[in-house]
Amino acid sequence: MRFRLFSARGFGRRVEAAGGQLQFAYAFTDTVLRPARPCRGAEGEVVLRLREERRPQFRCRLLLSSGEVHSTQGFAVKRSALPGGKVQLYEGGRGDALRVARALGFEPAFRIRHERGRAWTLPGGVEVVLERVHAYGGGRELDLGWWVEVAVPDGPLARRRLASALMRLGLDPGSAVAQGLPEVAGRALAGAARSRVEPPRSNPRRRRP
């Protein structure tokens, strides 16, 4: 589940108080690639992204994801239709990765920068990440603020573990954002573009001779 925070102050201490162990810090930029025509898999929208990681290691990968939001007993959870959540199609240089993407019929749409990221593990295999997110596209930069994501392993106890983790972290399930960040960023950039479009000017009245 993904949540947007008004402020990240003190959240790291809250995670550690809940038993979280810091695993690593991270930073990366995703270039979201879109097909020429809308593409949906059996379980939802297909997204291809070029991920350029700076921390904890330097690498560049093409990742394919497909998923859909499921609502169960008040929980809106996005589940992947692919093994491992995201499938790596290629790892190498940025230029070669873009060539592979274009060969598959995808073109760059916009970028999402993930900064100051930290990842923790809570008891029971619960994963928690905190990051600052910026979106870039159409000559615009948008600060999307701080985001938290909480994930639990699939299994019969998944819902119970998720509910327990959210309670300990002080996160309200009702405030979860069901959409993935590519959709959130794409809509925000589109909205910013529309808000900057000037209304058409009316034709000046012709003067009578």
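Just so we're clear, the structure is a prediction, and the values are computed from it rather than from any experiment.
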Considering all heavy atoms of both residues, which atom of [X] and which atom of [Y] are nearest to each other, and what is their separation?
| X | Y | result |
| --- | --- | --- |
| C60 | E52 | SG-CG, 3.9 Å |
| F11 | L169 | CE1-O, 4.3 Å |
| L189 | R140 | CD2-O, 4.4 Å |
| R34 | P182 | NH2-O, 4.0 Å |
| A158 | V152 | O-CG2, 3.6 Å |
| L50 | L33 | N-CD1, 3.5 Å |

With a 4.5 Å heavy-atom cut-off, do [X] and [Y] have their side chains touching?
| X | Y | value |
| --- | --- | --- |
| L98 | V100 | no |
| R59 | R61 | yes |
| V177 | W147 | yes |
| V32 | V47 | yes |
| V133 | L181 | yes |
| E16 | W120 | yes |
| V15 | L122 | yes |

For the residue pair H114 and F28, does the interplanar ring angle fall in the parallel (under 30°), tilted (30 to 60°) or perpendicular (over 60°) class? parallel
What about [X] and [Y], same hydrophobic cluster or not, with Ile/Leu/Val/Met/Phe/Trp/Tyr joined at side-chain heavy-atom distances under 4.5 Å?
| X | Y | value |
| --- | --- | --- |
| M1 | W146 | yes |
| L62 | V87 | yes |
| L22 | V126 | yes |

Looking at [X] and [Y], does any basic side-chain N land under 4.0 Å from a carboxylate oxygen?
| X | Y | answer |
| --- | --- | --- |
| R132 | D143 | yes |
| E149 | R2 | yes |
| R116 | E131 | no |

Hey, is the main chain of A18 close enough, under 3.5 Å, to the side chain of R168 for a donor-acceptor pair? yes
Applying the side-chain hydrogen bond (donor to acceptor under 3.5 Å, both in side chains) test to T29, which of E115, R49, R54, E53 qualifies? R54
Point-to-point distance, once rounded to the nearest 0.5 Å, from [atom1] of [X] to [atom2] of [Y]:
| X | Y | atom1 | atom2 | result |
| --- | --- | --- | --- | --- |
| S175 | L166 | OG | CG | 9.0 Å |
| F106 | L89 | CZ | CG | 9.0 Å |
| R159 | R161 | CZ | CZ | 14.5 Å |
| T31 | I112 | OG1 | CD1 | 9.5 Å |
| L5 | L171 | CG | CG | 7.0 Å |

Flag yes if more than 12 heavy atoms outside Q21 fall under 6.0 Å of its CD atom; otherwise flag no. no
Do other residues, nucleotides or ligands put more than 12 heavy atoms under 6.0 Å from R102 CZ? yes
Could you go through V129 and V148, starting from their C-alpha distance and side-chain angles, then the distance that decides it, and tell me whether this counts as side chain to side chain contact (heavy atoms under 4.5 Å, CB included)? CA-CA 6 Å; V129 299; V148 170; over 6 Å; no
Would you please say whether a donor-acceptor pair under 3.5 Å links the side chains of R113 and Y136? yes
Residues in ring pair (Phe, Tyr, Trp, His ring centres under 6.0 Å) with F3, at least two apart? none
Derivation and outcome, side chain to side chain contact (heavy atoms under 4.5 Å, CB included), residues R51 and K86: CA-CA 11 Å; R51 176 162 295 179; K86 295 181 179 66; 4.1 Å; yes
